[in-house]
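Everything below concerns the one structure shown next.
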Amino acid sequence: MFEYIRTHQRLMQFLLLLIIFPSFAFFGIESYTSSRAAAGANVATVAGQSITQQELDNALREQMDNMRQTYGPQFDPKLFNTPEVRQNVLDELVARKAVTEEIRKQNVSIADATLQQELLRAPGLQNANGSFDNDKYKQLLAQRGMTPAVYEQRMRQNMAFEQLLGSVQNTGFLPRAVAERIALITEQEREVQVLNLKAADFAAQVKVTDDMIKAYYDKNAALFEIPETMKAQYVVLTADALAAQVTVSEDDIAGFYKSNTKTYTSDEQRKVSHILIGFAKNASDDVKAKAKAKAETLLAEVRKNPAVFAKLAKENSDDPGSKEQGGDLGVMVKDAFVKPFEAATLKLKQGEISEPVLTDYGYHIIYLTELRAAAVKPLDEVRAQIAADIKKQKAAKSYSEAAEAFTDALYQQADSLQAVADKWKLKLEVADGLSKQGNPGVPATSPVNNPKFLKALFSDEVIKKKHNTEAVEIAPSTLMAGRMVEYKAASKRPLDEVKAAIVAKITQTEAEVLAEKEGKAKLAALKAADAAAGFSDVKVISRAKTEDVPPQAFSAIMKADVQKLPAFVGVNMPGAGYMVYRISKVNAGNPDAARRASDAQQIANLVAQQELTSYIDLLKKKAKASVNKEALKVSPETN
């Protein structure tokens with residue numbers, strides 16, 4: 001009855017995080033099962049259903065919100081708004097829709113009882129007594145703008161996904177012969193020596209002329225450019241700033257409480273345990289009679305001593321999902337269980353034990369271990385929260401009204417920000433050293449580094465006409481405007497100022513050329529006649545033991561043909577010089593059972609992932625998925 005939950009607890013613990021941190025992987029479940037009637041241009045079609053431009057834009061924005069929550073000030077939206085990211089997000093939407101279509105065709109479904117039991121055991125939703133806290137559940141969902149019905153539908157959908165895709169991914173298999181071959185390759189050791197031709201050793205041979213310096217200066221003009229910069233004034237209008245100016249009266253609080261009493265009412269809670277004496281749906285009357293007799297015997301026992309209920313449940317219950325918990329089913333939620341079970345539970349008083357209740361699963365002995373009546377939280381308990389909610393609502397309304405007036409005021413007095421600062425009690429800030437890329441000397445999250453604001457600030461309207469910028473929306477409920485105080489046009493550093501740096505750069509580059517030339521000549525000579533003079537001491541390296549060998553050199557050493565020893569490879573090391581490696585011996589290495597097992601598991605996981613990817617690709621073909629590449633090129637304002 002509850003077997004799925006017992007084997008998928010980790011999945012459902014992850015799904016619960018949707019309440020606090022909505023995951024993109026589960027974005028838009030409703031849209032996957034909706035009809036074609038979505039607004040906006042279509043970017044893809046799957047199984048005859050459309051994915052609209054609006055769905056894609058919403059998915060991108062939700063993903064960006066998740067990234068902001070995860071990385072905070074370190075998140076850079078410019079790195080996110082790229083064609084590659086848009087394509088990846090669309091691929092995810094297409095894949096989810098194709099899998100959803102297959103779930104529909106295969107009639108994969110999750111029973112109400114299975115869903116309910118997983119929800120009741122989800123971490124973070126229990127009160128101090130260990131019971132399911134329905135108020136907390138609703139509150140967390142409300143904070144994410146979600147209803148229980150929507151969230152539970154997402155849970156059901158994702159459990160179905162796990163059931164379908166898990167059956168494919170779990171078939172990943174790595175043949176023993178392949179694992180053995182990979183292990184031997186990984187464990188192989190090579191004894192090497194290195195001859196390091198450092199670029200610095202050739203620097204004295206380089207002669208840098210004035211013509212070389214001038215040519216480098218002219219060819220790399222961008223390296224010596226001083227970008228245009230600006231000192232600017234700016235103001236930021238936010239809903240939070242306006243909220244600080246909002247007052248909330250006692251009448252406001254009392255009226256809100258009265259109008260929203262249902263919000264502060266906790267539902268009745270019934271915590272139940274049961275013992276199931278099960279039988280198959282097609283069981284004979286004799287089997288059913290024996291099950292009933294056993295249930296009645298157990299009932300007599302627990303009514304004499306309710307303290308043994310948990311012990312008898314562990315020993316006798318046929319419900320694998322609850323027997324190990326002594327039959328505990330947690331807090332019953334309306335419509336979660338089959339009707340006869342629920343009806344019998346609703347008749348019980350706290351501490352009562354029911355007569356055997358017949359359902360399709362067998363006979364249940366139901367024990368109501370705890371009953372909490374519905375209750376309304378007193379006003380004093382929720383006063384602070386109500387005041388904060390009212391303040392937030394008033395601020396949102398105030399911001400909506402102020403936004404248009406703010407924009408108008410910037411045009412009406414285009415040569416100053418003082419008027420808007422005074423009207424909305426905003427602080428007039430100053431930022432110096434701004435370029436079109438912002439100011440690296442201040443945090444990346446500073447409003448003066450916002451790309452939209454910088455684009456408006458470095459416009460002709462601001463620089464040439466010395467007007468205010470337009471009102472720029474840099475974040476939800478956040479408008480910003482600025483104006484130029486001082487401006488410095490782009491320029492180029494004088495040659496004399498950068499001459500020393502140019503000489504050093506040319507010297508380094510030419511020295512590397514000489515080192516490479518010498519190294520290649522040395523390599524050719526060694527291949528013709530072996531010599532160990534000048535090489536370092538022997539090092540033993542393998543794919544599991546890289547020592548201090550640079551990655552590009554390590555790759556060349558392990559790829560080298562070692563059928564004839566000694567073998568030689570040369571590696572150019574930009575910025576350092578040239579290295580010649582002498583491979584003198586190849587060993588089988590020492591088998592490591594633990595590492596072999598770990599490597600084999602990792603490779604098997606990759607095989608399983610590849611099988612899953614191939615399966616999803618097949619589902620896309622079955623669903624005749626197609627992408628409108630022209631529509632995909634449209635880029636929304638996601639910054």
Side-chain angles (χ1 to χ4, degrees), residues 16-22 65 69 72 116 119-152 155 237-272 328-336 342 345-346 348-352 368-402 424-425 475-478:
L16 185 68
L17 295 178
L18 274 173
I19 296 176
I20 304 171
F21 302 110
D65 289 343
Q69 287 182 349
Q116 180 61 29
L119 179 60
L120 294 178
R121 293 176 189 161
L125 289 181
Q126 286 74 37
N127 56 29
N129 298 323
S131 301
F132 182 79
D133 192 329
N134 200 43
D135 289 340
K136 190 178 195 179
Y137 173 57
K138 290 180 178 179
Q139 182 181 6
L140 289 172
L141 286 177
Q143 289 174 2
R144 305 308 302 171
M146 199 182 302
T147 65
V150 170
Y151 174 66
E152 287 158 22
M155 285 183 67
L237 176 71
T238 67
D240 289 342
L242 297 177
Q245 304 170 30
V246 172
T247 58
V248 179
S249 68
E250 280 298 317
D251 288 343
D252 291 336
I253 294 173
F256 189 94
Y257 179 76
K258 185 176 181 180
S259 301
N260 296 275
T261 303
K262 189 175 180 181
T263 304
Y264 308 109
T265 302
S266 60
D267 297 333
E268 178 186 82
Q269 293 189 352
R270 291 174 175 260
K271 188 175 182 181
V272 297
D328 184 13
L329 294 174
V331 177
M332 186 185 77
V333 176
K334 191 176 185 306
D335 297 328
E342 182 174 298
T345 303
L346 292 174
L348 296 175
K349 297 178 181 178
Q350 182 167 322
E352 284 188 339
L368 185 63
T369 58
E370 185 179 342
L371 173 60
R372 294 186 182 181
V376 181
K377 292 181 180 178
L379 175 58
D380 286 344
E381 186 177 328
V382 294
R383 182 187 305 278
Q385 182 60 49
I386 290 176
D389 290 342
I390 295 174
K391 199 167 189 179
K392 188 174 181 180
Q393 290 177 8
K394 286 188 173 183
K397 182 179 179 182
S398 178
Y399 176 82
S400 178
E401 294 170 349
W424 285 282
K425 300 179 182 178
S477 300
T478 306

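Side chains included, hydrogens not; waters and symmetry mates left out as well; all remaining heavy atoms used. In this text, all values refer to a predicted model and were calculated from it rather than measured experimentally.
- In this structure, OG1 on T247 lies 5.5 Å from NZ on K394, to the nearest 0.5 angstrom.
- Residues satisfying the side-chain contact (heavy atoms from CB on, under 4.5 Å) test with T147, not counting sequence neighbours, are A149, V150.
- In this structure, V331 and E370 have side chains that are not in contact, with every pair of non-hydrogen atoms separated by 4.5 Å or more.
- Residues that satisfy the ring-ring contact (aromatic ring centres under 6.0 Å, His included) test with Y399, not counting sequence neighbours, are absent from this structure.
- One distance of note links CG of L237 with NZ of K425; it measures 13.5 Å at 0.5 Å rounding.
- Counting all heavy atoms, side chain and backbone alike, A402 lies closest to L242 at CB-CD1, 4.1 Å.
- The shortest distance between side-chain heavy atoms of E268 and L371 falls below 4.5 Å.
- Considering CD of Q385 and OH of Y257, their distance stands at 14.0 Å, rounded to 0.5 Å.
- Looking at every heavy atom in both residues, L346 comes nearest to R270 through O-NH2, 3.2 Å.
- Looking only at side-chain heavy atoms (C-beta outward), E342 and T345 stay at 4.5 Å or farther from each other.
- In summary, D380 and R383 engage in a salt bridge, as defined by a charged side-chain N under 4.0 Å from a carboxylate O.
- In this structure, the separation between CD1 on I253 and NZ on K391 is 11.0 Å, given to the nearest 0.5 Å.
- With sequence neighbours excluded, the residues that form a side-chain contact (heavy atoms from CB on, under 4.5 Å) with N260 are F256, T263, Y264.
- Side-chain contact check for T369 versus K271: some heavy-atom pair is nearer than 4.5 Å.
- Counting heavy atoms from C-beta outward, I386 and L379 have side chains that approach closer than 4.5 Å.
- Looking at Q393 and D389, their side chains never bring a donor and an acceptor atom within 3.5 Å of each other.
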